[in-house]
Protein chains: 2
Amino acid sequence: MSDVVKILLVDDEADILEFLSYNLKKEGYDIYTATNGKQAIEMAKKVSPHLIILDVMMPDMDGIETCREIRTLPGLKDVLIAFLTARNEDYSQIAGFEVGADDYINKPIKPRVLVSRIKALLRRGNIEQVVVDKSDLGGIKIDREGFVVVKDGKALNLPKKEFELLELLASKPGKVFTREVILDSVWGGDVVVGDRTIDVHVRKLREKLGDDYIKTVKGVGYKFEF
Amino acid sequence: MSDVVKILLVDDEADILEFLSYNLKKEGYDIYTATNGKQAIEMAKKVSPHLIILDVMMPDMDGIETCREIRTLPGLKDVLIAFLTARNEDYSQIAGFEVGADDYINKPIKPRVLVSRIKALLRRGNIEQVVVDKSDLGGIKIDREGFVVVKDGKALNLPKKEFELLELLASKPGKVFTREVILDSVWGGDVVVGDRTIDVHVRKLREKLGDDYIKTVKGVGYKFEF
DNA sequence: TTATTATGGTAATAGTTTGTTAATTATTAT
DNA sequence: ATAATAATTAACAAACTATTACCATAATAA
């Protein structure tokens with residue numbers, strides 16, 4: 001299995017970290033963060049990221065210095081490093097490339113630009129982004145358009161009610177849906193069916209998906225987990 | 001667990017998206033974006049937003065159509081939807097309300113106006129912006145949606161009464177709840193159960209959480225502390 | 001059409017978990 | 001020390017869910 005690409009973000013400003021983190025997570029990268037050089041080095045050793053994005057301006061140990069240190073670590077000699085800086089800090093650009101920066105990103109940057117920049121960088125570094133399909137729920141994929149559930153690559157043709165029930169539960173993994181909500185949402189507020197009907201459908205789903213996805217919360221309802 | 005309010009923004013123009021996103025993030029909302037109808041639907045399914053702000057004019061699938069589709073999704077039938085459009089596109093206003101729009105916002109709009117509009121809308125929809133941080137209570141997290149208590153990263157599946165009792169006590173750490181209040185609140189004013197029942201439940205909770213969280217105040221009641 | 005199969009629902013019952021009580025022991029306050 | 005209150009345990013009852021078999025109906029194929 002190819003790894004998910006891991007990116008370490010290093011910046012002392014929390015909101016920039018958050019901005020980057022948010023936009024890169026959305027792309028399916030695994031994001032790690034650090035707020036100073038020391039932390040960054042710790043983290044880098046721990047997770048062996050594919051790419052490190054370093055803010056040049058940081059208190060104590062700046063990005064350049066951090067980069068230099070990281071380059072000395074075994075196993076991290078070839079990690080991709082991109083510097084992040086406010087526009088017009090040209091001097092650091094030069095210093096940055098000298099210590100082995102792979103790219104140089106100016107703040108502020110728009111999310112889309114950031115992302116395509118990252119992608120290009122990873123491509124150059126021969127690191128392929130394995131797109132993690134976030135619609136993959138623990139080996140189960142729900143194809144709403146095709147009204148089909150795919151489990152471990154195999155298509156399951158679930159009957160309508162079973163599909164809808166699964167769809168509802170899986171719409172918010174971890175959340176408990178009460179019987180009332182389930183009836184309302186899958187059967188419709190007016191239709192009157194007994195509570196056992198839900199159990200039976202749950203059982204059928206469990207039969208097909210395995211017992212580990214739908215969990216009973218006694219006295220409350222059911223939830224989907226993976 | 002009170003969630004942060006999630007808002008999905010849908011517009012094909014990146015700068016509008018950014019404008020909205022920026023201003024709403026500042027208010028503490030969780031912002032998700034999509035640039036077309038299809039993406040919007042995907043995203044909506046994935047994140048179950050509380051509010052969707054949809055641009056009416058978009059290539060391929062317009063806002064009206066997108067709205068219609070979203071309304072058919074289980075779990076999203078009741079999501080708040082606001083349309084966004086250039087002034088004077090009156091026709092769409094009508095069509096918008098027909099497919100179940102909850103509000104209608106004209107572009108351009110000033111940030112402050114936008115924000116108060118959103119707040120009003122959420123208020124109408126009974127969605128409160130709760131900025132309660134889910135800070136764990138001394139290593140314990142109570143997940144009301146999932147009806148689960150997480151202790152040191154491990155999930156504890158508490159039975160209903162135990163969960164509700166813990167929920168009550170932990171709702172105000174440090175405060176003593178009398179037996180009377182506990183019975184009223186967890187068991188309901190009419191139900192008559194003996195006082196020992198509470199003790200037994202407290203004991204079970206202590207067994208699972210450790211003895212340090214629930215404290216007896218003899219002659220008065222119990223309290224949660226951490 | 002008719003036969004066949006798939007689906008959705010019910011009912012009965014078995015099985016499990018949860019809630020409550022009662023009895024006993026331990027603790028605390030006065 | 002005594003009385004009041006709480007902790008603990010085990011047993012029992014109640015609540016709830018799982019499972020199975022069965023029937024009606026709808027969809028599908030011959």
Original post:
Distance under 6.0 Å and angle within 45° of the ring axis: does Lys215(B) meet both against Tyr213(B)?
Top reply: no

Original post:
Glu162(B) has a side chain; which of dG19(C), dT20(C), dG8(C) sits nearest to it?
Top reply: dG19(C)

Original post:
When the distance from NZ of Lys161(A) to C1' of dA27(D) is rounded to whole Å, what number comes out?
Top reply: 15 Å

Subject >> Any strand: nucleotide that pairs with dG15(C) via Watson-Crick or wobble, under 3.5 Å >> reply: dC16(D)

Original post:
How close or far is atom C1' of dA22(C) from atom CG of Asp195(B), stated in whole angstroms?
Top reply: 14 Å

Original post:
Expressed in angstrom and rounded to an integer, what is the separation of Ile198(B) atom CD1 from dA7(D) atom P?
Top reply: 11 Å

Original post:
If you look at every strand shown and take non-hydrogen atoms under 4.0 Å, does Val202(B) touch a base, only sugar-phosphate, or nothing?
Top reply: nothing

Original post:
Can you check the Arg206(A) CZ to dT20(D) P distance for me, whole Å?
Top reply: 13 Å

Original post:
Start at the 5' end of DNA chain D and walk down; is the nucleotide closest to Arg203(A) or to Arg179(A) reached first?
Top reply: Arg179(A)

**OP:** Ignoring the backbone of Thr216(B), work out which of dG19(C), dG8(C), dA7(D) is nearest its side chain.
**Re:** dA7(D)

**OP:** Among dT7(C), dG19(C), dT8(D), find the nucleotide with the atom closest to the side chain of Pro159(A).
**Re:** dT7(C)

**OP:** With the side chain of Lys218(A) defined as its heavy atoms from C-beta on, choose the nearest nucleotide among dA6(D), dG15(C), dA12(C).
**Re:** dG15(C)

Subject >> Interatomic distance, Lys160(A) NZ vs dT25(D) P [rounded to whole Å] >> reply: 18 Å

Original post:
Between His201(A) and Trp187(A), how do the two ring planes meet: parallel, tilted or perpendicular, split at 30° and 60°?
Top reply: perpendicular

**OP:** Could you pick out which residue, Tyr222(A) or Tyr222(B), lies toward the 5' side of DNA chain D when each is mapped onto its nearest nucleotide?
**Re:** Tyr222(B)

Subject >> Axial cation check for Phe177(B) ring with Lys175(B), 6.0 Å and 45° limits >> reply: yes

Original post:
Taking atom C1' of dA15(D) as reference, at what distance in whole Å does atom CZ of Arg196(A) sit?
Top reply: 11 Å

Subject >> Nearest heavy-atom neighbours spanning Leu9(A) and Ser21(A) >> reply: CD1-N, 3.5 Å

Original post:
Thr197(A) side chain: which of dT10(C), dA6(D), dT7(C) is closest?
Top reply: dT10(C)

**OP:** Look only at the side chain of Glu162(B) and the backbone of Leu158(B), and say whether a donor-acceptor pair between them is shorter than 3.5 Å.
**Re:** no

Original post:
Whole-Å distance between dT27(C) P and Asp199(B) CG?
Top reply: 15 Å

**OP:** Counting Watson-Crick and G-U wobble pairs only, both distances under 3.5 Å, name the nucleotide matched with dT30(C), or none.
**Re:** dA1(D)

